[in-house]
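Only one structure is covered here, and it is reproduced in the block below.
Computed from a predicted structure; not experimentally measured. Just so it is clear, the values below take in all heavy atoms, side chains as well, and ignore hydrogens, waters and symmetry mates.
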Amino acid sequence: QNVGAAARDLARGHSIDVRRLAAHRPAAGVTHVQGLRVALRQETPIPLDVDFGCAPGELLALVGPSGSGKSTILRSIAGLYRPSSGRVVINGEVWQDTTSGTCVRTWQRHVGLVQQNYALFPHMTARANVAASLGDLPAEKRSARADELLALVNLKGLEDRRPAELSGGQQQRVAVARALARDPKVLLLDEPFSAVDKGTRGRLYQELAGIRSRLAMPIVLVTHDLDE
């Protein structure tokens, strides 16, 4: 029903209340004590009024047209944006609470963020792109760990290719592997399918579903496409 209401709003060109979510829900009885809890409120400059939770292993989608605040919500979770009023909690750890003044710095939040354009380093191989996010590991262990993460996203054998030598879907998977390199407590996907053609999207949907089944963390997906 929520998705249907969202579709009607999209057809009318209206903003969507981002509490209308399309999500794979956890089993009955599962709470959000472990997982992500987000409550954000502000009137300007970008109106926000959201309150939602996402359990470990759950994929939750925020659906709405451009300008409805979806990416701002992700940036707030990652610590890249500070809302006027809000609270972000992950596994019981408070990352943001405007009431108490708590605000964990961005670099201290274990967040994996995949942006729309993937933001890969063009002069570096897939392995080197992932290894660049493994600064907490000794240098001699980074390549092996990068290869493990690339294998997780089905890129085994392509470790030495640069972004220009990879398809759009493969570049996206490198970006996901790099996001996972930080051992994140939550994975944020900002319109991850917008840069690939329609045929590739179908395959990526299935691959993302497969990756999700192997990750015990909340995953929040932002999109304006209800089919996604």
Atom pair [atom1] ([X]) and [atom2] ([Y]), whose distance is rounded to the nearest 0.5 Å:
X: L48; Y: S85; atom1: CG; atom2: OG; answer: 10.5 Å
X: T106; Y: R82; atom1: OG1; atom2: CZ; answer: 8.0 Å
X: R145; Y: D136; atom1: CZ; atom2: CG; answer: 10.0 Å
X: D160; Y: D147; atom1: CG; atom2: CG; answer: 8.0 Å
X: L60; Y: L221; atom1: CG; atom2: CG; answer: 9.0 Å
X: Q96; Y: T102; atom1: CD; atom2: OG1; answer: 8.5 Å

Return the minimal non-hydrogen interatomic distance between [X] and [Y], and the atom names on each side.
X: P218; Y: L36; answer: CG-N, 3.8 Å
X: L40; Y: V88; answer: CD2-CG2, 4.3 Å
X: P83; Y: S76; answer: CD-OG, 4.0 Å

I'd like to know if the side chain of [X] reaches the main chain of [Y], judged simply by a donor and an acceptor atom lying under 3.5 Å from each other, with no hydrogens or angles considered.
X: R87; Y: V38; value: no
X: R162; Y: H123; value: yes
X: R182; Y: R109; value: yes
X: N91; Y: E93; value: no
X: T98; Y: G86; value: yes
X: R178; Y: Y118; value: yes
X: Q171; Y: G169; value: no
X: R142; Y: L134; value: yes
X: K70; Y: G64; value: yes
X: D190; Y: V114; value: no

Are the charged groups of D51 and R37 less than 4.0 angstrom apart, N to O? yes
side-chain contact (heavy atoms from CB on, under 4.5 Å) for L150 and K156? Distances and angles first, verdict last. CA-CA 6 Å; L150 289 168; K156 185 176 179 61; over 6 Å; no
Cluster question for you: counting only ILVMFWY and a side-chain heavy-atom cut-off of under 4.5 Å, with indirect links fine, are [X] and [Y] together?
X: L80; Y: I73; value: yes
X: L152; Y: L158; value: yes
X: V111; Y: V104; value: yes

Apply the test side-chain contact (heavy atoms from CB on, under 4.5 Å) to residues L74 and V220: give CA-CA distance (whole Å), side-chain angles for both, the deciding distance (0.1 Å), then the verdict. CA-CA 8 Å; L74 293 194; V220 182; 3.7 Å; yes
Working note: L189 + L187, criterion side-chain contact (heavy atoms from CB on, under 4.5 Å); need CA distance, chi angles, decisive distance, verdict. CA-CA 7 Å; L189 308 175; L187 180 61; 4.0 Å; yes
Apply side-chain contact (heavy atoms from CB on, under 4.5 Å) to the pair K185 and W95, showing each step before the final yes or no. CA-CA 12 Å; K185 296 179 179 179; W95 281 354; 4.2 Å; yes
